[in-house]
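Order of appearance sets the numbers: ligands from 1, and atoms from 1 within every ligand. All residue numbers in this chain count up from 1 along the given sequence.
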Amino acid sequence: MPAPIRAARGVRDVLPAERAAWSLVERAAHGAARRFGYQLIETPIIEPLELVERGVGEDTDVIAKEIYFVQPRQGSEQRLVLRPEATAGMVRAYFQNGLNQAPPPARLYTIGAMFRHDRPQAGRYREFHQLDVEAIGEASAALDAEVIELAAAWLRALGLEDWTLEVNSIGDGACRPAYLELLKAYYRPLRDQLGPDCQRRLETNPLRLLDCKEPQCQPLRERAPRIADHLCPECARAFVEVRSLLEAAGIPYRLNPYLVRGLDYYTRTVFEFQHRLLGGAQNSLAGGGRYDGLSEVIGYRPTPATGFAAGIERVVLTLQELGRLPAAEPAAELAVLADGPDLAAPVAEVARLARPAVRTLTDASPRSLGAKMRAAGRAGYRWVAILDAAEAERRVVRLRDMDSGQQRELRWEELPSLLGAEPSPAGVAG
Ligand code: AMP
């Protein structure tokens, strides 16, 4: 026998018990997005390498180390990759499908799988899922505040209150280049004290020096010039506006001068939601900001945009840490059990009659009725309907209420109205 095949490293199965929590998180996301006027969009998981490469910037970690290539067996004319994030694909879809013809902004969101070949650890996976929210086509700082408010509304709807929100501005094409020169000038004499990654970033992506987690690099940033002191008037004004809108919305935040984003296309507002229960380097629930420079680098008209991405796994993990996961619900409310052999057809017919009213499954297996009843008890069904050959002949069942143990005879046709009339627990759809 060949060795049992296991899942790839860094990916995970979401089993039914946990999927109920995902559904809760997703439903809250759909609800929050829709309440803010955002519309659901689906973009492909596979995108051209160039989109991802130019979209995230070739010097960032994601491109340097973490991209999954998709290689068809038969040669392909295009180099394809699994998306590591959704924003570039969203912006591509916005232009390619003419959404830019409608009055701006386009308010879009999606929920789906992303792929990064990173070192797996708790809360960090190679396949993970994001809620991705984007407002494309308008430069207004009000939209930055809006997507932050949407994220906060979503987390609050899930009962998550004690996150921290950090915000910063990383300037734009007008003020950032000069700031980066200041930053490099500050760090160059300290080069030997930096870790190898930061030595490399010093020339390629100096902003990333500020959010390096290495103990040897961190203290050095204390004296580094802060971008907030070097913003151009437009960026400074936008930053003030975002902050006052957050205050008006009752959303607490902290200024973090070291908060930057790894991706090159971000401008002005950047933000991150964190939760202490996630712990360590993986404490980020959601991150985002304005990315006015993205559309141009992927070949479209310069178009301002803002948005965020949040980790579904991280939100579920936080709910779990708080003991707020919904109880796994039974697979069905009613089980129809055969008491004897050769009853598959009547069992199926009874189930068919009951399904419009309640979630119903069947057991026409040759196991004993006792074994079926024990299984039904463990599974937590609310009712079982039992029938033997004579009852099938008379088109009746024994309906048993599993809580009270009460049992009574019922005609098949009476099942839907009787069961449907009972208030059924509002189940979490899978
Ligand atoms: P990013 O796209 O890197 O800005 O990440 C946005 C959010 O996605 C983070 O705040 C996390 O919640 C989540 N996330 C990012 N990378 C991973 C990963 N490898 N595994 C699980 N969640 C992730």
At under 4.0 Å between heavy atoms, what of Arg116 touches ligand 1? The answer is side chain

Query - Sub-4.0 Å heavy-atom approach of Glu313 to ligand 1 - result: no

ask   = Counting both backbone and side chain atoms, is some N or O of Leu285 under 3.5 Å from an N or O of ligand 1?
value = yes

Is it true that the side chains of Thr269 and Asp144 contain a donor and an acceptor less than 3.5 Å apart? yes

- Query: Between the side chains of Glu127 and Tyr68, does any donor sit under 3.5 Å from an acceptor?
  - Reply: no

Which of Arg92, Arg54, Arg83 passes salt bridge (Lys or Arg N to Asp or Glu O under 4.0 Å) with Glu47? It is Arg92

If the plane angle is over 60° it's perpendicular, under 30° parallel, otherwise tilted; pick one for Tyr300 and Phe95.
parallel

Does any N or O of ligand 1 fall below 3.5 Å from an N or O anywhere on Ala309, backbone included? no

Quick note on ligand 1: atoms under 4.0 Å from a heavy atom of Ser284 include exactly 9 (C), 10 (O), 11 (C), 12 (O)

*asked:* Does the structure place the NZ or CZ of Arg243 under 6.0 Å from the centre of the six-membered ring of Phe239, at an angle of no more than 45° from the ring's axis?
replied: yes

Ligand 1 to Gly123, heavy atom cutoff 4.0 Å, flagged ligand atoms 20 (N), 21 (C), 22 (N)

Against ligand 1, does Asp118 come closer than 4.0 Å with any heavy atom? no

Of Arg382, Arg359, Arg355, the one forming a salt bridge (Lys or Arg N to Asp or Glu O under 4.0 Å) with Glu333 is Arg359

Report task. Verify the neighbour count for atom CZ of Arg79: are there more than 12 heavy atoms of other residues, nucleotides or ligands below 6.0 Å? Result -> no

- Task: Keeping the roles fixed (side chain from Arg314, backbone from Gly123), state whether a donor-acceptor pair exists under 3.5 Å.
- Result: yes

Give a yes/no verdict on whether any heavy atom in Glu85 is under 4.0 Å from an atom of ligand 1. no

So for Gln130 against ligand 1, with non-hydrogen atoms under 4.0 Å, the contacting part is side chain

Logged contact type for Ala286 with ligand 1, heavy-atom cut-off 4.0 Å, is backbone

Nearest non-hydrogen contact to atom 19 (N) of ligand 1 from the set Phe273, Tyr125, Phe308 belongs to Tyr125

